[in-house]
Amino acid sequence: MAVEELQSIIKRCQILEEHDFKEEDFGLFQLAGQRCIEDGYINQLLEIIQDEKNKTIIKSMGWNLVGPVVRCLLRGREEDKREECFLIFDLLVKLCNPKELLLGLLELIEEPSGKQISQIILLLLQPLQTVIQKLPNNKAYSVGLALSTLWSQLSLLPVPHSEEQIQADDYGLCQCCKALIEFTKPFVEEVISDKENKENAKLKDELLKFCFKGLKCPLLTAQFLEQSEDVGNDPFRCFASEIIGFLSKIGHPVPQIILNHGRKKRTWDYLEFEEEEDKQLAESVASLTYLVFVQGIGIDQLPMVLSPSYLLQLNMEHIEVFLQRTEQSIYSKGLELLETSLLRLEDNSLCYQYLEIKSFLAVPQGLVKVMTLCPIETLRKKGLSMLQLFIDKLDSQGKYTLFRIMASLNLLRYLVIKDNEDDNQTGLWTELGKIENNFLKPLHIGLNMSKAHYEAEIKNSQQNNQVASMCKGVCSVTVGGEEIPSMPPEMQLKVLHSALFTFDLIESVLARVEELIEIKSKSTSEENVGIK
């Protein structure tokens, strides 16, 4: 019955021009074709599609059958029908309108969840590539849409961490990463072959966005096998190598990205990333930095003249990004990157002025967090050893400065975490009232007053630059008969902002200490009420 219905619809449409097809015809064609598949009339459907007289109808309406055919292939109940289904699918990809087919394939990719995500992606990547290559125009937009859809689905899959999980690849992420590289290669080659083409310039931008997304997921959380083992068996290392290779080929090599990242004007700012995507760029570049300096992928592209202290300065911002995350697989990479960067330095060689840089104070704070809050003992010990190594590299003034922005509050935070009120081994909880009145509350007041003062100074400094330049030489300081040059306005602002940042760090730790005290006190009170 289903075959007769389909033949009836086709017979009616054969005498019509393509532009005369009605919406009702499309619906009836899809319904009848779907029933043919469900009722097992696969051979008859194949014959109808192969018939040259139906070529125009299939071109216009056939994409509606892609969904039912793909679902039939995924079910895989009747092995003897799979070959015919694949033939139908291949013919639809060859004959149908590529624009309509593209949207249909992307809708199918968005449908599944769980393990079915990888199954449908692996099935549709090759046809999707073929369809995009057949598009007469707007290829860059179509490639970007496809890559974004694929990445959104792949980001839902759990990333395997252990060697056993990687080899098992239960959710198919490793296979998908390999297939995604093969899907992308022709478009990368297209950009290389004609760099002057405006459409290819847009395509390059879409590929750049894809590479940044790939660096974040799965590579930010992915674990890598030991480098001594066969690298060809490590799917994530292969994926990372290909991504870094793509970046170089489309004109964004590793040195350009890493060395330009901290600058106000980055080479990719014109891309107009979405706000959320722009926030994720920091994690993408941090992931790239880890791949280069810890895993050694693409490190040969970096100039050999960069000093160890300069490399540390570059990496500290990325280490801070890693340590801000709570996932073990991510902040452990921050510890590895810090260790690699510090081991390049001589002891006592890191000048204290580096502590004026935000990340050089934020990273030790992150290490303290790892040491006190991480549930895994090996990582807590690693955090401690990295803090000790960092201190070893500082000069004497740097060691003093670091111990002074951190010591009291961090000690108090550590004691609150480790010493419960019922145990009170340190006597902290006995003296808590005095600590709050004589230390925490005055510190709050001092911080508020200091921040207000420095914010006012920054405002005045910005407004009075011209007045300051006019008054140059009116007041001077002399030491030993020699006049000390006045501090330039740019340096004044830098010092003021550095002080404000220091106050913000102290304030964040102070807030955490008060939060921990409240949590611990409330917990003890509830336990005492329960005992009564």
Side-chain angles (χ1 to χ4, degrees), residues 188 191-192 195 201 204-205 207-212 214-216 219-220 224 227-228 231 234 236-271 281-323 333-360 362-363 386 389-390 392-395 398:
V188 174
V191 168
I192 298 170
K195 295 181 180 179
K204 183 183 77 169
D205 294 344
L207 293 171
L208 179 60
K209 287 184 180 181
F210 161 69
C211 289
F212 277 130
L215 287 168
K216 183 178 187 300
L219 293 176
L220 185 68
F224 297 88
Q227 294 189 37
S228 59
V231 294
D234 189 341
F236 293 125
R237 180 177 291 278
C238 293
F239 184 70
S241 299
E242 294 286 357
I243 290 291
I244 290 175
F246 286 168
L247 287 169
S248 297
K249 288 179 179 179
I250 63 175
H252 292 280
V254 165
Q256 185 187 77
I257 296 174
I258 291 179
L259 301 181
N260 285 347
H261 177 64
R263 298 181 182 177
K264 291 183 179 179
K265 183 65 177 177
R266 297 171 304 197
T267 55
W268 55 81
D269 277 348
Y270 67 93
L271 286 183
L281 277 177
E283 293 182 338
S284 297
V285 181
S287 177
L288 175 63
T289 306
Y290 171 84
L291 293 171
V292 172
F293 289 102
V294 178
Q295 295 298 326
I297 304 173
I299 196 168
D300 56 324
Q301 298 181 32
L302 286 176
M304 301 299 292
V305 296
L306 301 178
S307 68
S309 58
Y310 180 70
L311 289 176
L312 176 65
Q313 183 179 343
L314 282 176
N315 290 343
M316 284 298 264
E317 179 183 349
H318 309 305
I319 295 165
E320 180 186 357
V321 170
F322 282 121
L323 295 182
K333 290 185 176 181
L335 298 177
E336 290 182 74
L337 182 56
L338 179 59
E339 182 176 34
T340 300
S341 304
L342 289 175
L343 289 175
R344 299 171 182 265
L345 290 167
E346 297 288 336
D347 286 354
N348 306 308
S349 64
L350 194 61
C351 187
Y352 74 93
Q353 281 98 337
Y354 278 100
L355 292 177
E356 295 176 3
I357 301 172
K358 172 181 174 289
S359 56
F360 276 77
V363 166
M386 287 305 99
L389 184 61
F390 178 62
D392 289 341
K393 303 303 176 182
L394 290 168
D395 62 13

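Heads up: numbering here begins at 1 and tracks the sequence.
Atom CG in L220 sits 9.0 Å away from atom CG in L215 (nearest 0.5 Å). Here CG of L342 is found 4.5 Å from CG of L389. Values are rounded to the nearest 0.5 Å. Atom-to-atom distance recorded for I319:CD1 and L338:CG is 4.5 Å, nearest 0.5 angstrom. Of the inter-residue distances, the one linking I257 atom CD1 with L247 atom CG reads 4.5 Å to the nearest 0.5 angstrom. Interatomic distance, Q256 CD to S248 OG, rounded to the nearest 0.5 Å: 9.5 Å. Rounding to the nearest 0.5 Å gives a distance of 9.5 Å between CE of M316 and CG of L337.
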Going through the distances and angles, do V294 and T289 end up as a side-chain contact (heavy atoms from CB on, under 4.5 Å)? CA-CA 8 Å; V294 178; T289 306; over 6 Å; no
Set out, in order, the CA-CA distance, both residues' side-chain angles and the distance that settles side-chain contact (heavy atoms from CB on, under 4.5 Å) for L323 and V363, then state yes or no. CA-CA 7 Å; L323 295 182; V363 166; 4.0 Å; yes
Evaluation steps, side-chain contact (heavy atoms from CB on, under 4.5 Å), between V292 and L302: CA-CA 9 Å; V292 172; L302 286 176; 3.8 Å; yes
If you apply the rule side-chain contact (heavy atoms from CB on, under 4.5 Å), what do you find for H318 with L288, and how did you get there? CA-CA 9 Å; H318 309 305; L288 175 63; over 6 Å; no
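R344 is not listed as a side-chain neighbour of L312, based on a closest heavy-atom distance of 4.5 Å or more. Counting heavy atoms from C-beta on, the side chains of L345 and D392 never come closer than 4.5 Å. Put simply, the side chain of F212 does not reach to within 4.5 Å of the side chain of I243, judged on heavy atoms. Between F390 and L394, the closest side-chain pair of non-hydrogen atoms falls below 4.5 Å. Proximity of T340 to Y290: side-chain heavy atoms (C-beta onward) are nowhere separated by under 4.5 Å. Side-chain contact check for L207 versus F246: every heavy-atom pair is 4.5 Å or farther apart. When side chains are defined from C-beta on, I297 counts as touching R237, because their heavy atoms get closer than 4.5 Å.
At distances below 3.5 Å, not a single donor-acceptor pair connects side-chain atoms of K216 with backbone N or O atoms of S284. With hydrogens and angles ignored, the 3.5 Å screen pairs a side-chain donor or acceptor of S307 with a backbone N or O of Y310. Put simply, the side chain of D395 gets close to the backbone of Y352: a donor and an acceptor are under 3.5 Å apart. The backbone N or O of E283 lies less than 3.5 Å from no partner atom in the side chain of S287, so there is not a single donor-acceptor pair.
Judged purely by distance below 3.5 Å, without hydrogens or angles, the side chains of S341 and N315 pair a donor atom with an acceptor atom.
Below 30°, between 30° and 60°, or above 60°: for F224 and F236 the angle between ring planes is above 60°, a perpendicular geometry.
When all heavy atoms of F239 and G214 are compared, the pair lying nearest together is CE2-O, 4.0 Å. Pairing each heavy atom of F360 with each of L350, the nearest pair is CE2-CD2, 3.9 Å.
E317 has no carboxylate O lying under 4.0 Å from a charged side-chain N of K358, or vice versa, which leaves the two without a salt bridge.
For S349, there are no side-chain hydrogen bond (donor to acceptor under 3.5 Å, both in side chains) partners at least two apart in sequence or on another chain. Residues meeting the side-chain hydrogen bond (donor to acceptor under 3.5 Å, both in side chains) test with E339, sequence neighbours left out: K382. Looking at residues two or more places apart in sequence or on another chain, you find no side-chain hydrogen bond (donor to acceptor under 3.5 Å, both in side chains) involving Q313.
For the pair K333 and F322, the cation-pi criterion (under 6.0 Å, within 45° of the ring axis) is not fulfilled.
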